[in-house]
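Only one structure is covered here, and it is reproduced in the block below.
Reminder, nothing fancy here: chain letters follow the sequence lines and each chain counts from 1. Side chains included, hydrogens not; waters and symmetry mates left out as well; all remaining heavy atoms used.
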Number of protein chains: 4
Amino acid sequence: MLNRVILIGRLTRDPELRYTTSGIAVATFALAVERPFTNQSGERDVDFIDIVIWRKLAETCANHLGKGRLVAVEGRLQTRSYDDSNGIRRKAVEVVADSVRFLDWPKNTSSSNDYDDQEFNGFDDDIDVPF
Amino acid sequence: MLNRVILIGRLTRDPELRYTTSGIAVATFALAVERPFTNQSGERDVDFIDIVIWRKLAETCANHLGKGRLVAVEGRLQTRSYDDSNGIRRKAVEVVADSVRFLDWPKNTSSSNDYDDQEFNGFDDDIDVPF
Amino acid sequence: MLNRVILIGRLTRDPELRYTTSGIAVATFALAVERPFTNQSGERDVDFIDIVIWRKLAETCANHLGKGRLVAVEGRLQTRSYDDSNGIRRKAVEVVADSVRFLDWPKNTSSSNDYDDQEFNGFDDDIDVPF
Amino acid sequence: MLNRVILIGRLTRDPELRYTTSGIAVATFALAVERPFTNQSGERDVDFIDIVIWRKLAETCANHLGKGRLVAVEGRLQTRSYDDSNGIRRKAVEVVADSVRFLDWPKNTSSSNDYDDQEFNGFDDDIDVPF
DNA sequence: TTTT
DNA sequence: TTTT
């Protein structure tokens with residue numbers, strides 16, 4: 001009845017953009033989210049959390065984000081069952097994002113993904129940059 | 001770097017309480033969380049989310065909660081790899097709760113789990129009842 | 001850039017429903033939110049937080065909620081300056097809710113506010129009942 | 001009963017650090033949080049939200065943060081009544097933070113506040129840096 | 001499969 | 001101005 005997730009972390013890879021047969025854009029990536037505290041061996045554990053994004057926000061993320069970028073993601077936790085390529089039944093738990101904020105800037109300016117066409121994205125297509 | 005999950009839902013079964021070899025209590029249960037909107041077939045989909053609770057809060061939940069009870073859970077999303085009983089590698093995604101609030105009362109008063117010994121539970125052992 | 005508030009508490013009074021000159025509905029009420037821990041004198045302090053709701057969700061809340069009802073509110077913190085009736089400049093800090101979930105049922109069935117016309121409310125008009 | 005606020009924004013001024021008569025550190029600052037959407041005049045409104053931080057985290061923030069710095073703050077909304085310097089009764093609404101994450105780096109290296117003594121801060125003294 |  |  002209430003389901004809210006807020007994460008800050010870095011993309012482990014470039015977003016993948018796909019389209020449903022009905023033409024709806026879906027972007028997926030994983031977020032590396034460091035735990036606040038160090039473990040017994042003095043390191044910070046990291047949680048790798050799958051993010052799913054729909055529609056225009058999916059395309060904006062695919063166009064502007066890349067591996068290593070720092071983002072804040074808001075969304076809801078979703079569970080889903082599927083059969084993997086070996087026919088094994090698996091449960092997916094992922095965050096369906098309704099908002100993604102960019103918290104840093106691209107490392108090099110030669111990237112094909114940059115901020116040229118940053119624009120307002122409507123209500124559930126909520127994006128922002130950190131200045 | 002920031003990882004916060006807030007859920008309201010109902011327990012799909014009674015909590016399971018176990019202890020680590022070093023004697024720390026761990027409770028687990030799943031929460032059924034209805035999506036806010038109906039799907040194409042007019043029904044509300046439900047996400048089943050695994051919850052993990054440690055220490056004194058684990059024991060309080062095991063003592064007072066049961067299948068069907070309505071709770072608000074606050075915690076963080078955690079990912080974990082393990083091999084299932086068939087030796088298949090799986091990824092667990094669960095919410096490690098640091099706060100659980102009881103939002104309703106037990107259905108029948110003959111339950112062994114009731115509110116007799118409700119008490120304050122310390123900082124990360126945060127529990128409350130709705131009145 | 002990110003602004004999220006999630007509260008569970010009880011209405012301190014019936015919602016007030018007003019309309020802007022352009023005809024948009026606005027409901028306001030205050031939420032009594034108990035702190036999780038008791039203070040030095042053994043009591044729980046309570047925070048009284050002003051809630052503002054717009055459009056259809058405002059009307060749904062005005063129709064179905066009343067003093068004492070338990071709700072979960074999601075929204076954003078908003079600040080606003082105004083002059084009070086004595087001409088003193090004041091700063092209002094309130095939560096603009098985009099989602100309200102009803103977590104209990106009306107105490108008596110003779111109330112004019114009930115669940116007769118409960119219905120789905122669109123994306124930013126997000127309402128639900130606890131069963 | 002549940003009270004959670006998560007904000008990302010920039011400090012409008014350097015933190016002020018004070019001590020209670022019993023010697024407990026308290027830091028205060030305001031956070032400028034841009035709204036996600038532009039208003040009728042095409043600008044983004046900004047909410048100015050007062051933040052209060054206690055104990056060791058207060059000192060860490062006072063030592064390392066300054067005007068303009070970007071942070072993620074987690075905490076709870078608190079209300080409080082007081083009389084201002086003119087004897088006018090006022091209501092303060094502020095966020096008591098239990099976690100502050102630094103999301104950028106100091107603008108110039110000549111600042112007296114830097115990252116020399118960054119360290120782990122215990123459970124409710126939760127601080128982190130973005131790399 | 002994993003980010004700085 | 002304050003809820004159970």
Side-chain angles (χ1 to χ4, degrees), chain A residues 7-16 28-36 43-51 65-73 84-85 90 92 94 102-108, chain B residues 1-3 79-81 89-91 93 101-105 115 118 128-131, chain C residues 7-16 28-36 43-51 65-73 84-85 90 92 94 102-108, chain D residues 1-3 79-81 89-91 93 101-105 115 118 128-131:
Chain A
L7 303 169
I8 295 180
R10 292 189 183 277
L11 280 76
T12 63
R13 54 175 196 270
D14 290 343
E16 282 177 45
T28 52
F29 55 81
L31 218 56
V33 181
E34 288 192 344
R35 300 199 186 152
E43 294 151 0
R44 280 165 196 268
D45 287 324
V46 175
D47 294 296
F48 296 99
I49 299 170
D50 290 316
I51 310 291
L65 290 177
K67 177 178 177 173
R69 295 290 307 281
L70 184 71
V71 295
V73 165
D84 73 10
S85 53
R90 293 185 180 277
E94 46 211 2
F102 303 169
L103 295 176
D104 61 2
W105 296 93
K107 285 295 162 55
N108 69 60
Chain B
M1 298 192 27
L2 184 152
N3 183 337
T79 55
R80 195 169 48 82
S81 285
R89 191 124 203 97
R90 294 188 180 274
K91 182 187 184 185
V93 182
R101 321 260 165 183
F102 304 170
L103 295 175
D104 62 2
W105 296 94
Y115 287 86
Q118 202 61 248
D128 206 355
V129 293
F131 75 108
Chain C
L7 304 170
I8 295 181
R10 292 190 183 277
L11 280 76
T12 63
R13 54 175 197 270
D14 289 344
E16 283 177 44
T28 52
F29 55 81
L31 218 57
V33 182
E34 288 192 343
R35 299 199 186 152
E43 294 151 359
R44 281 163 195 269
D45 287 324
V46 176
D47 295 295
F48 296 99
I49 300 171
D50 289 317
I51 311 291
L65 291 177
K67 177 177 176 174
R69 295 289 308 281
L70 184 70
V71 295
V73 165
D84 73 9
S85 53
R90 294 187 180 275
E94 46 212 3
F102 303 169
L103 296 175
D104 63 1
W105 297 94
K107 284 296 163 52
N108 68 61
Chain D
M1 301 191 25
L2 185 151
N3 183 335
T79 56
R80 195 168 48 83
S81 284
R89 189 123 203 98
R90 293 187 181 274
K91 181 186 185 186
V93 183
R101 322 257 166 184
F102 303 170
L103 294 176
D104 62 2
W105 296 94
Y115 288 85
Q118 202 62 248
D128 207 354
V129 293
F131 73 108

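- No side-chain heavy atom of C/Glu94 sits under 4.5 Å from any side-chain heavy atom of C/Ile51.
- Per the geometry, CG belonging to A/Asp84 stands 12 Å off P belonging to E/dT1, to the nearest Å.
- At a threshold of 4.0 angstrom between heavy atoms, the contacts of A/Gly68 are confined to the sugar-phosphate backbone, with no base atom among them.
- For the pair A/Phe48 CZ and E/dT4 P, the interatomic distance rounds to 11 Å; values are reported in whole Å.
- Shown here are the salt bridge (charged side-chain N to carboxylate O under 4.0 Å, His left out) partners of B/Lys91, two or more places apart in sequence or in another chain: A/Asp50.
- In this structure, C/Phe102 places its CZ atom 18 Å from C1' of F/dT4, rounding to the nearest Å.
- Across F/dT2, E/dT4, F/dT4, the shortest atom-to-atom separation from the side chain of C/Arg10 is found for F/dT4.
- Atom CZ in D/Arg80 sits roughly 19 Å away from atom C1' in F/dT1 (whole-Å rounding).
- In terms of the side chain to side chain contact (heavy atoms under 4.5 Å, CB included) criterion, residue partners of C/Arg13 (sequence neighbours excluded) are, by chain and number, C/Glu16, C/Ala30.
- A 4.5 Å side-chain heavy-atom check between C/Phe102 and C/Leu65 finds at least one atom pair inside the cut-off.
- Rounded to whole Å, the distance from CZ on A/Arg13 to P on E/dT1 is 12 Å.
- Put simply, CG on A/Asp50 is 10 Å from C1' on E/dT1, counting in whole angstrom units.
- The nearest whole Å value for the distance from the CD1 atom in C/Ile49 to the P atom in F/dT3 is 15 Å.
- Within 4.0 Å (heavy atoms only), C/Val46 reaches at least one base atom of the nucleic acid.
- Rounded to whole Å, atom P of F/dT2 lies 16 Å from atom CG of C/Leu31.
- Nearest to the side chain of A/Ala32, among F/dT2, E/dT2, E/dT3, sits E/dT3.
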